[in-house]
A.B. asks: 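One structure coming up, written as structure tokens, with questions to follow.
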Amino acid sequence: MTKQVAIIGGGPAGLMAAEVLSASSSAHGISVTVYDAMPTFARKFLLAGKSGLNITHSEDFTRFSGRFGKASSHLEPALNAFKPEDVRQWAAGLGTETFVGTSGRVFPVAMKASPLLRAWLKRLEAQGVALKTRHRWTGFKDDGYQFDTPDGERIIQPDATLLALGGASWPRLGSDAAWVPWLKDLGITIGDLQPANCGFDVGWSDIFVERYAGAPLKSVSTTSDAGTYPGEFVISKHGIEGSLVYAHSAALRDRLLRNGKATLTIDLMPGRPQERLVRDLSRQDAKASFSNRLRKGAGLDGVKAALIRELLADSNQMPAEQLAGLIKALPIPVLRPRPIAEAISSAGGIAWSGIDERYMLKSRPGLFAAGEMIDWEAPTGGYLLTACFATGRAAAAGMLNWLSDH
Ligand SMILES: Cc1cc2nc3c(=O)[nH]c(=O)nc-3n(C[C@H](O)[C@H](O)[C@H](O)COP(=O)(O)OP(=O)(O)OC[C@H]3O[C@@H](n4cnc5c(N)ncnc54)[C@H](O)[C@@H]3O)c2cc1C
């Protein structure tokens with residue numbers, strides 16, 4: 001008899017699981033249906049395509065698989081079975097060639113997600129997957145799963161089910177984390193969903209925001225508990241944003257949680273040693289204005305000079321040594337992460353202790369999970385999508401394994 005498999009959530013993790021399950025559906029006698037709450041699938045994947053779709057990373061695999069912090073060892077088998085190189089081959093198989101960009105990040109040549117998603121959905125249909133949009137899972141009902149659909153309420157009772165519902169960032173694209181209390185009711189431990197790869201609030205003055213919101217700080221380097229990274233970030237009306245901030249966001253968020261305060265330290269002149277800055281600043285006329293001292297002595301103007309003034313009220317009178325020290329290590333006190341709805345991704349989710357090596361929930365046999373709803377996080381750089389693909393595939397393999405015994 002044909003076994004029914006339901007995949008709830010049609011983002012990268014759910015669609016990848018559907019691909020694996022349907023590729024072997026005739027061999028295993030299963031029928032696969034993907035349900036999604038939204039009118040179309042994979043909206044966050046499409047949004048990721050707006051900034052080029054950083055689909056994976058080309059660095060050495062040991063380094064790659066270590067990017068997931070505490071979850072690295074849990075994710076390793078799934079990542080090992082679907083490595084970054086496999087991601088590139090898979091995309092190529094769907095007509096999307098990729099290239100290695102700066103810092104090893106991998107993007108489709110077309111720098112968007114829509115052609116890849118179109119070809120992917122076509123492949124799934126050709127493999128017999130039933131694709132159902134506007135089907136919102138609303139919780140467990142007895143032994144089944146209850147849905148709101150355009151035709152009213154519906155309950156399904158599949159032989160095996162995969163939850164691939166995503167985290168809690170950008171809820172308007174579909175992943176609104178409504179599942180958290182339903183899984184908690186089953187006794188499953190869920191780590192609090194928190195913003196990851198996010199901006200931070202800073203207590204800027206009105207005048208600084210008025211003049212500099214949107215201004216980029218280019219060619220700086222930044223330091224936190226996460227280490228030191230070069231790059232650029234942006235002053236926002238609430239605080240700081242951008243990829244260089246995201247690289248520190250887990251460290252800043254965790255320090256705020258632990259200590260109630262955290263700072264991101266900026267080197268505004270990474271190319272110039274401190275001793276030289278001291279010399280150059282000392283040479284300036286004592287009567288020169290602060291702006292001129294910074295511009296002529298340290299080559300700093302615009303938003304970089306304004307940032308020093310904003311953060312150091314008494315910087316005008318500062319001796320050269322002290323000012324040079326602050327140009328090399330200017331602390332920006334961050335108040336709190338921006339709300340999770342604005343974050344690129346979320347940390348937290350289903351605890352690894354609650355799932356077995358097949359990605360099955362220990363407290364509910366036959367129910368599996370994949371993607372961002374599991375408790376892992378990673379920086380930007382293609383790690384997020386790769387782990388979603390890889391866990392989708394691992395969960396699909398786990399489902400096939402479990403179904404073969406049931
Ligand atoms: C602006 C932005 C840019 C990004 N850029 C990149 C990038 O370049 N590279 C990268 O690696 N990552 C990027 N990401 C992160 C990446 O998109 C996510 O990590 C990834 O989409 C998560 O995949 P997922 O399948 O786990 O969940 P999602 O993609 O969130 O999919 C979950 C699906 O489940 C559905 N769903 C949720 N609840 C229900 C319900 N109750 N009933 C039915 N369906 C439901 C949702 O509608 C959604 O379609 C970006 C994210 C954002 C927000």
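Starting from 1, each residue takes its place in the sequence as its number. First listed ligand is number 1; within each ligand, the first listed atom is number 1.
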A.B. asks: Would you mind telling me which of Arg336, Arg253, Lys237 makes a salt bridge (charged side-chain N to carboxylate O under 4.0 Å, His left out) with Asp201?
C.D. replies: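 Looking at Arg336, Arg253, Lys237, the match for Asp201 under the salt bridge (charged side-chain N to carboxylate O under 4.0 Å, His left out) is Arg336.
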A.B. asks: Do Leu307 and Phe208 make a side-chain contact, defined as non-hydrogen atoms from C-beta onward lying under 4.5 Å apart?
C.D. replies: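 They are in side-chain contact.
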A.B. asks: Could you tell me whether Asp143 and Arg364 have a side-chain N and a carboxylate O separated by less than 4.0 Å?
C.D. replies: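 Between Arg364 and Asp143 there is no salt bridge, as every charged N stays at least 4.0 Å from the carboxylate O atoms.
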A.B. asks: Under 6.0 Å between ring centres: does that hold for Phe389 and Trp90?
C.D. replies: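 For Phe389 and Trp90, the ring centres are under 6.0 Å apart.
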A.B. asks: Do you know which of Tyr359, Trp376, Trp352 makes ring pair (Phe, Tyr, Trp, His ring centres under 6.0 Å) with His74?
C.D. replies: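 For His74, the ring pair (Phe, Tyr, Trp, His ring centres under 6.0 Å) check succeeds only for Trp352.
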A.B. asks: Using a threshold of 4.0 angstrom between heavy atoms of the protein and any atom of ligand 1, which residues qualify?
C.D. replies: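 Protein residues near ligand 1 are Ile8, Gly9, Gly10, Gly11, Pro12, Ala13, Asp36, Ala37, Met38, Lys44, Leu47, Ala48, Asn54, His135, Arg136, Trp137, Ala164, Leu165, Gly166, Trp170, Leu173, Gly174, Ser175, Ile344, Gly371, Glu372, Gly382, Leu384, Leu385, Cys388.
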A.B. asks: Listed by chain and number, what are the side chain to side chain donor-acceptor pair (under 3.5 Å) partners of Glu357, not counting sequence neighbours?
C.D. replies: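 Glu357 satisfies side chain to side chain donor-acceptor pair (under 3.5 Å) with no other residue.
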